[in-house]
Amino acid sequence: MSMLTVEGLDAGYGATNVLRKLSFSVQRGAIVALLGANGAGKTTALRALSGEIPARGRIAFNGVELAGLSAARRVELGLALVPQGRGTFTDFTVEENLELGAYTVASRGQIAADIERWYALFPRLRERRRQPAGTLSGGEQQMLAIARALMSRPRMLMCDEPSLGLAPAITQEMFAIFERVNAEQGTTILIVEQNAELTLRIASRGYVMEVGEIMLEGSAAELLASSTIQNAYLGA
Ligand SMILES: Nc1ncnc2c1ncn2[C@@H]1O[C@H](COP(=O)(O)OP(=O)(O)O)[C@@H](O)[C@H]1O
Ligand SMILES: [Mg+2]
């Protein structure tokens, strides 16, 4: 069963079209990799899916057509985005950032329980709960951005280049957390990355974008073995 089906998506900036009839799908409960070189249009695709920029084409999410719906409504329906560059509120504390992420959740008790759940998964966030987000390390800010997105109780989490600028050990820790969230909460996860190898190790399926469209797709194992991926990303 498909959680997300994208068909013939066109989007861009002003007169410049970046996406060219982009089509792909994400199975319910899967971890899927959306790969591609810098400038391929990955961020533009996520912005179109989250409703941040207008798009033409079909976006079916959990059986609902998203075209025309506001970004806030898409979050309410369970589609959450962790933007490239993280976008935490640097002057607010860690805990305030988490509370802000829960704006779709009405019950105070639920919010408190969710904060506890994510502190258990991200112990360093608990230690820093009273610190402004701007004082955290890059890795901690990325963890906070992910935890904040999880506070909206998403069915599907989209994460834009989470490993950007992070040390390899921190990236591995973060990817292990994606696997846990996927396994324990059943959250479907779409990871946009330039780090193809690491992402394909936790994903079941992957798509490779080039100038606004999918040029290659397959199971993670197929893509890891493919010569295109080897040459383009894995330095083989
Ligand atoms: N805000 C913007 N205004 C105009 N062009 C943009 C903007 N953001 C991105 N682009 C252009 O869109 C193309 C795709 O960019 P982007 O989606 O950010 O790619 P990726 O995330 O794969 O690196 C690039 O040619 C980029 O220069
Ligand atoms: Mg990008």
Side-chain angles (χ1 to χ4, degrees), residues 4-26 31-59 61 66-67 70-71 74-75 79-88 90 138-139 141-146 148-149 154 156-168 170-171 174-175 178 188-200 202-203 205-218 220 223-224 226 228-235:
L4 177 75
T5 304
V6 178
E7 268 173 25
L9 201 65
D10 280 320
Y13 307 94
T16 315
N17 218 29
V18 173
L19 303 184
R20 304 194 307 182
K21 300 249 176 288
L22 179 71
S23 299
F24 71 99
S25 64
V26 177
I31 299 179
V32 170
L34 182 60
L35 310 170
N38 199 20
K42 305 180 300 295
T43 295
T44 303
L46 293 192
R47 295 179 74 193
L49 294 174
S50 67
E52 202 183 309
I53 58 169
R56 287 173 307 281
R58 189 168 160 256
I59 308 168
F61 174 68
L66 295 189
S70 70
R74 295 180 201 206
V75 176
L79 185 60
L81 171 65
V82 180
Q84 190 173 336
R86 293 149 204 158
T88 52
T90 52
Q141 286 193 33
Q142 184 64 74
M143 304 285 189
L144 176 59
I146 294 165
R148 191 185 62 179
M156 178 165 155
L157 183 70
M158 305 189 290
C159 222
D160 196 353
E161 304 233 20
S163 80
L164 206 68
L166 301 187
I170 306 289
T171 300
M174 186 176 60
F175 276 44
F178 284 141
T188 304
I189 304 182
L190 178 64
I191 303 177
V192 162
E193 264 294 341
Q194 291 188 52
N195 190 334
E197 185 170 16
L198 203 57
T199 313
L200 289 171
I202 66 163
R205 197 166 181 79
Y207 293 89
V208 181
M209 268 184 89
E210 210 169 78
V211 284
E213 57 196 337
I214 303 295
M215 52 85 81
L216 188 66
E217 67 174 277
L223 291 181
L224 277 168
S226 112
T228 311
I229 294 271
Q230 294 283 334
N231 294 334
Y233 301 107
L234 307 183

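Computed from a predicted structure; not experimentally measured. Positions are given from 1, in the same order as the sequence printed here. Both ligands and their constituent atoms are indexed starting at 1 by order of listing.
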Q: Which pair of heavy atoms, one from Leu34 and one from Lys42, lies closest together, and at what distance?
A: O-CD, 3.9 Å
Q: Before accepting this row, confirm whether a basic side-chain N of the pair Arg20/Asp10 lies closer than 4.0 Å to the acidic partner's carboxylate O.
A: no
Q: What is the nearest protein non-hydrogen atom to atom 15 (O) of ligand 1, stated with its residue, atom name and distance?
A: Thr44 OG1, 3.9 Å
Q: Any chance you could lay out the side-chain contact (heavy atoms from CB on, under 4.5 Å) test for Ile191 and Leu157, step after step, and finish with the verdict?
A: CA-CA 8 Å; Ile191 303 177; Leu157 183 70; over 6 Å; no
Q: When you measure from the Mg ion (ligand 2) to the N, O or S atoms of Thr43, does any of those distances fall below 2.8 Å?
A: yes
Q: Count the heavy atoms belonging to other residues, nucleotides or ligands that lie under 6.0 Å from CD of Glu213, then report whether that count exceeds 12.
A: yes
Q: Regarding ligand 1, does Asn38 bring an N or O atom to under 3.5 Å of one of the ligand's N or O atoms?
A: yes
Q: Taking heavy atoms and a distance under 4.0 Å, where does Val18 meet ligand 1: side chain, backbone, both or neither?
A: side chain
Q: Between OG1 of Thr171 and CG of Leu166, what distance do you get to the nearest 0.5 Å?
A: 4.5 Å
Q: Check ligand 1 against Thr43 and write out every atom of the ligand that is under 4.0 Å from a heavy-atom position of the residue.
A: 17 (O), 18 (O), 20 (P), 21 (O)
Q: For ligand 1, which atoms have a heavy atom of Ala37 less than 4.0 angstrom away?
A: 22 (O)
Q: Taking atom CD1 of Ile31 and atom SG of Cys159, what is their separation to the nearest 0.5 Å?
A: 11.0 Å
Q: Is the backbone N or O of Val192 less than 3.5 Å from a side-chain atom of Asp160, with the two atoms forming a donor-acceptor pair by type?
A: no
Q: Do any heavy atoms of Thr16 fall under 4.0 Å from ligand 1?
A: no
Q: Look at ligand 1 and say whether Gly212 reaches it with a heavy atom at a distance under 4.0 Å.
A: no
Q: Could you find the nearest protein heavy atom to atom 19 (O) of ligand 1 and give me its residue, atom name and distance?
A: Gly41 N, 3.1 Å
Q: Checking a contact table here: which protein heavy atom is nearest atom 9 (C) of ligand 1, and how many Å away?
A: Tyr13 CE1, 3.5 Å
Q: Please report whether ligand 1 has a polar contact with Arg47, defined as an N or O pair separated by less than 3.5 Å (distance criterion only).
A: no
Q: Mark yes or no for whether Ser50, through its side chain, and Leu46, through its backbone, hold a donor-acceptor pair below 3.5 Å.
A: yes
Q: Please check this pair: side chain of Thr5 against backbone of Ser25, looking for a donor-acceptor N/O pair closer than 3.5 Å.
A: no
Q: Under 2.8 Å from the Mg ion (ligand 2) - does any N, O or S atom of Gln84 fall there?
A: yes
Q: Hey, does Gly39 sit under 4.0 Å from ligand 1 if you only count heavy atoms?
A: yes
Q: Is atom 26 (C) of ligand 1 close to the protein, meaning a heavy atom under 4.0 Å from it?
A: no
